[in-house]
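Here the structure is laid out as structure tokens; the discussion comes afterwards.
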Amino acid sequence: MSPRFAFDVTPAATELRLLEDSEQAMPVDLWAVRAPDALLRGVDLVRSLEGIDKAVVVDDAVLIEHEVVAGLSAREAALLGFPPPAEAIARLQSTGLITRPDYKVTLSWVRPTGQAIAGAERTGAWLRVAGSWHRLPEPLFGIAEAIDSLAAVPANDVGGRMRALARLRAALPPADAGTPVMVEGALGTMTIAVAGAFSLDLKGEGLNARLVPILHREGAEDDTPLLPPEEQRAFADTRFYAFAEVRSVYQVAPGHYVALSPHLQKALGVVRRAHAAPVQTKRRLMQSPRAFLREALGDEADGVVLERVFRETPGYADRVIGLGLWQPRVLPWITIAATDWFGPEAGTPAPAGGLVVGDQRVALPPDQAQELARRIEEAIARDEPTVLLHSGAEDVAVPATIETLARLRDLAEARR
């Protein structure tokens with residue numbers, strides 16, 4: 001028998017081997033040398049998958065990720081000796097109410113004629129039917145994986161279920177795409193948006209001022225709100241304040257839901273509590289949202305997450321400026337002297353440094369920085385927005401915020 005590719009399927013990966021005439025597996029490092037011309041294009045494909053860390057050599061086999069196997073074109077799959085795609089249609093059926101613990105989505109496989117495929121079993125990107133393996137291409141593999149993820153969510157985790165359902169909905173092709181997928185039940189008509197970030201607005205005046213969270217998709221490159229205007233209004237004006245605690249899921253229209261990521265749910269819990277506080281607290285939140293969240297969340301705060309969870313959109317900036325709440329950004333700066341290989345001389349002054357307030361650079365020796373921190377703490381306690389600092393021929397208004405105190409701590413750390 002001529003040399004040929006052969007494969008085995010495991011839950012972790014597809015194991016590809018090149019068998020010699022004797023049906024013994026050829027060492028992988030000899031494939032490019034001893035494989036016949038007819039198999040060299042397949043060898044090149046395997047090498048390219050190794051190069052992008054989508055395949056790994058283990059003993060006499062190459063292990064290929066199931067996601068990669070599913071994404072191969074029919075021509076690429078044939079180069080590796082894989083059989084044609086399964087002639088199967090994914091049938092999805094949802095039962096129960098989406099917000100109830102007993103809600104579930106089941107997946108079964110049927111033939112194009114509608115007849116059920118008896119005994120079909122899936123392992124990764126493969127469907128085993130009557131003892132033979134058939135490849136599951138995308139999007140069938142992605143749909144099957146999404147359903148497995150949904151099934152793994154605890155029954156009482158409504159937010160986790162909705163986020164998993166959103167991933168499943170994203171994996172489903174459009175109804176007119178001609179993809180072999182049948183969707184039955186409410187799953188076919190529902191819309192689920194997942195919010196991972198927010199911006200803020202403040203509506204009304206005085207005691208009637210109300211914080212308005214505007215939802216965004218986490219990691220989105222633009223500032224377009226996640227929800228259409230009508231659903232955003234339903235969320236902010238009705239749903240968000242209808243409950244004492246922030247929920248993981250809100251229905252914003254019939255069949256339309258928004259699910260909050262866990263870190264966004266925590267952050268909006270701070271907003272929800274600030275809404276019940278005096279108007280000065282609301283204005284302080286609007287003035288410096290990240291610092292306010294960091295202070296409110298304490299040990300639960302994650303600096304990286306806080307940078308992502310709040311979006312400083314143009315609309316937010318315009319609103320803050322219009323309310324007279326704008327404060328210049330504060331950053332630390334320090335000038336590091338050139339390295340002295342013989343050690344510092346006695347009396348060498350501390351490196352120059354200070355704060356950048358807006359577009360102004362303010363020099364602050366260590367003792368003045370400590371004094372400024374003390375004054376800012378006192379100003380925060382008195383709810384004063386700024387502290388005047390004499391710099392050269394003018395006074396600089398330094399924002400009296402938790403964020404400024406953090407920048408002063410950064411400056412002190414840099415000087416050590």
Side-chain angles (χ1 to χ4, degrees), residues 197 199-200 263 266-267 270-271 274 280-281 283-313 316-317 320-321 323-416:
S199 184
L200 275 175
H263 59 262
K266 286 183 180 179
V270 174
V271 174
Q280 293 89 343
T281 302
R283 292 171 69 88
R284 190 158 61 88
L285 170 59
M286 285 289 292
Q287 183 175 347
S288 189
R290 291 195 183 98
F292 191 100
L293 291 170
R294 189 178 295 110
E295 180 184 11
L297 292 173
D299 293 339
E300 297 182 66
D302 182 316
V304 175
V305 169
L306 287 180
E307 286 297 316
R308 297 197 308 261
V309 75
F310 181 76
R311 302 287 298 274
E312 291 180 353
T313 64
Y316 161 78
V320 168
I321 292 173
L323 290 169
L325 301 176
W326 182 84
Q327 293 277 26
R329 191 168 187 183
V330 178
L331 297 170
W333 67 271
I334 187 166
T335 302
I336 304 298
T339 301
D340 184 350
W341 297 106
F342 300 99
E345 297 181 3
T348 300
L355 294 179
V356 178
V357 183
D359 58 358
Q360 292 180 280
R361 185 170 285 202
V362 182
L364 281 175
D367 57 339
Q368 291 185 21
Q370 293 176 7
E371 173 64 14
L372 177 61
R374 183 189 64 78
R375 293 176 58 201
I376 287 174
E377 289 174 350
E378 293 176 352
I380 291 174
R382 295 192 296 266
D383 203 22
E384 295 176 355
T386 60
V387 167
L388 290 181
L389 179 66
H390 188 68
S391 176
E394 60 180 330
D395 288 334
V396 177
V398 180
T401 64
I402 299 298
E403 192 164 3
T404 300
L405 290 175
R407 301 295 79 80
L408 285 169
R409 286 194 294 271
D410 294 341
L411 176 63
E413 287 290 330
R415 281 173 159 160
R416 289 182 180 176

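Quick note: residue numbers are just sequence positions, from 1.
- Checked by atom type and distance alone, the side chain of Thr281 never pairs as donor or acceptor with a backbone atom of Ala274 at under 3.5 Å.
- Heavy-atom minimum distance, Ala296 versus Val270: CB-CG1, 3.7 Å.
- For Ala373, the side chain to side chain contact (heavy atoms under 4.5 Å, CB included) partners two or more places apart in sequence, or in a different chain, are Leu405, Leu408.
- With hydrogens and angles disregarded, no donor-acceptor distance shorter than 3.5 Å links the side chain of Arg311 to the backbone of Ala197.
- Between Ala267 and Leu293, the shortest heavy-atom distance links the atoms O-CD2, 3.7 Å.
- Of all heavy-atom pairs between Thr313 and Ser199, the closest is OG1-OG, 3.2 Å.
- Residues passing the side-chain hydrogen bond (donor to acceptor under 3.5 Å, both in side chains) test with Gln360, sequence neighbours excluded: Glu394.
- The two residues Val357 and Pro399 make their nearest non-hydrogen contact at CG1-CD, 4.1 Å.
- Between Val398 and the choices Thr404, Thr386, Val362, Leu388, the side-chain contact (heavy atoms from CB on, under 4.5 Å) rule is met once, by Thr404.
- Across Ala369 and Arg415, no two heavy atoms sit closer than the pair CB-NH1, 4.2 Å.
- At least one side-chain heavy atom of Leu364 sits under 4.5 Å from a side-chain heavy atom of Leu389.
- Residues satisfying the side chain to side chain contact (heavy atoms under 4.5 Å, CB included) criterion with Glu371, sequence neighbours excluded, are Arg374, Arg375.
- In terms of heavy atoms, Gln368 sits closest to Ala363 at OE1-O, 4.4 Å.
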